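Written below as structure tokens is the structure these notes are about.
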Amino acid sequence: MFDMATLIQENGIKELSKASHNVVNHGMTTHAVASHMVPDHEYCEAGKPEPPEPQCIDTDVAMVQQDPKEEDEEETPEIDIMINNVVCSFSVKCHLNLRQIALNGVNVEFRRENGMVTMKLRRPYTTASIWSSGRITCTGATSEDQAKVAARRYARALQKLGFQARFRNFRVVNVLGTCRMPFGIRIIAFSKKYKEADYEPELHPGVTYKLYNPKATLKIFSTGGVTITARSVSDVQSAVERIFPLVYEFRKPRTTADDELLRQKRAPAAPADDPMHLVTLSDDDKDAWE
């Protein structure tokens, strides 16, 4: 942590704020789904699925200002980390008859070539892959709490189909998150400096960077977009905090278009026009309108 703080100070950046579990800066909280909001039989409702609300983690990255009175000082940028997918797995500790699930279940699909059944939930909007051994993988959740709620509802759905299902061995396997840096990145120079970076433009337009503490894989693009794959939501946020001072060194200079956009944001709002007055025409003036 001391080395990270020194590196951040050398780059002229304040250290990123740490967010606690389910608590975000500025008093914002992550989106979570309470278990009492929807009854267990919702898995069998038909209709158009509702799109999930992505979990958003706001992390402030404060830029150190050399002169507070300088006109060109930058505003405090914000990095929004969007959690797009949380993959979890669990076991029901019993053998499952896939044919019986396909015939009696709702919102299921029997994939004989893969030897599994897929089941969907509307709330939270997720998909489960069910194997006959009792192992189940759930994808599509946007938070760890939402993934656990969905997993328990899949286990309850199997209980209602007549299986002696028990909810065991739940764990989050993978978390996919995305964010965008407030600047472009010179990825070629970045990949040449760090040996952990792998850049193959013929195969992928971004740089693949691997972190080992926390263990995460990042895809860094020249536009400033970053895709993070880690084992938990906290690891995703820690990975962004670790990569920010590294890519900040290779940020692209601002163009005249960026400066113009910044000036437009800082420009005061135009004064409101005078309120409209109601004009009443006399009978003699009606001919003028005709």
Side-chain angles (χ1 to χ4, degrees), residues 1-19 24-26 56-83 175-231 233-263 265-266:
M1 179 59 70
F2 178 78
D3 296 339
M4 175 184 175
T6 305
L7 180 59
I8 293 176
Q9 292 174 3
E10 290 177 356
N11 288 327
I13 308 170
K14 294 182 180 179
E15 184 176 358
L16 298 177
S17 57
K18 298 290 184 180
V24 186
N25 298 332
H26 307 296
C56 179
I57 301 178
D58 293 338
T59 304
D60 288 345
V61 182
M63 309 293 293
V64 175
Q65 300 173 356
Q66 300 296 337
D67 186 3
K69 298 181 181 180
E70 187 178 358
E71 294 181 357
D72 295 335
E73 62 183 3
E74 298 181 357
E75 296 180 353
T76 303
E78 293 183 357
I79 298 180
D80 296 334
I81 306 176
M82 309 299 296
I83 302 301
V175 177
L176 174 65
T178 58
C179 69
R180 180 173 292 277
M181 299 295 173
F183 46 78
I185 303 172
R186 294 182 283 113
I187 58 177
I188 297 179
F190 174 79
S191 62
K192 289 181 179 180
K193 180 175 181 179
Y194 297 100
K195 62 180 181 179
E196 296 86 357
D198 183 16
Y199 181 46
E200 295 292 341
E202 296 84 0
L203 302 177
H204 194 270
V207 174
T208 301
Y209 189 90
K210 292 187 177 181
L211 284 174
Y212 297 97
N213 186 23
K215 189 173 182 180
T217 302
L218 299 92
K219 299 286 187 179
I220 305 172
F221 300 91
S222 60
T223 58
V226 181
T227 301
I228 312 100
T229 304
R231 294 182 176 179
V233 174
S234 60
D235 286 350
V236 170
Q237 184 173 356
S238 299
V240 175
E241 295 174 354
R242 288 285 304 276
I243 201 64
F244 181 84
L246 304 183
V247 298
Y248 182 81
E249 180 182 355
F250 299 93
R251 66 191 184 279
K252 292 181 179 179
R254 290 190 308 178
T255 61
T256 55
D258 297 335
D259 295 337
E260 181 64 24
L261 181 61
L262 182 60
R263 283 193 294 268
K265 290 182 178 180
R266 294 180 178 178

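Keep in mind it's a predicted model, so treat the numbers as computed, not measured.
- Residues A197 and S191 share a closest heavy-atom pair of CB-CA, 3.8 Å.
- R186 CZ: more than 12 foreign heavy atoms inside a 6.0 Å radius.
- With a 4.5 Å cut-off on side-chain heavy atoms, C179 and I228 count as touching.
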Inset, instruction - Could you walk me through whether T229 and V175 pass the side-chain contact (heavy atoms from CB on, under 4.5 Å) test, one step at a time? - result: CA-CA 6 Å; T229 304; V175 177; over 6 Å; no
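- Looking at heavy atoms from C-beta onward, R251 lies out of side-chain contact with P182 at the 4.5 angstrom threshold.
- R180 is not listed as a side-chain neighbour of I79, based on a closest heavy-atom distance of 4.5 Å or more.
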Legend entry - F190 and Y209: CA distance, side-chain angles, deciding distance, ring pair (Phe, Tyr, Trp, His ring centres under 6.0 Å) verdict: CA-CA 10 Å; F190 174 79; Y209 189 90; 5.7 Å; yes
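- Counting heavy-atom neighbours within 6.0 Å of K215 NZ, excluding the residue itself, gives a total of 12 or less.
- When side chains are defined from C-beta on, V240 does not count as touching V226, because their heavy atoms never get closer than 4.5 Å.
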Listed pairs under 3.5 Å, donor-acceptor, residues 217-224 side chains, sequence neighbours left out:
residue : atom : partner : partner atom : Å
K219    : NZ   : T208    : OG1          : 2.7

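- The side-chain heavy atoms of F244 and M181, taken from C-beta on, include a pair separated by under 4.5 Å.
- Counting only heavy atoms from C-beta outward, the side chains of I83 and V233 approach each other to under 4.5 Å.
- Closest approach of A239 to P214, counting heavy atoms only: N-CG, 4.1 Å.
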Inset, instruction - Report the C-alpha separation of K252 and I185 in whole Å, then their side-chain angles, then the decisive distance to 0.1 Å, and conclude whether the side-chain contact (heavy atoms from CB on, under 4.5 Å) test is met. - result: CA-CA 6 Å; K252 292 181 179 179; I185 303 172; 5.9 Å; no
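- Between F250 and Y194, the angle of the ring planes goes over 60°, which puts this pair in the perpendicular group of the 30/60° scheme.
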Which atom pairs, donor and acceptor, lie under 3.5 Å between side-chain atoms of residues 200-207 and protein residues at least two apart or in another chain?
residue : atom : partner : partner atom : Å
H204    : ND1  : G206    : N            : 3.0

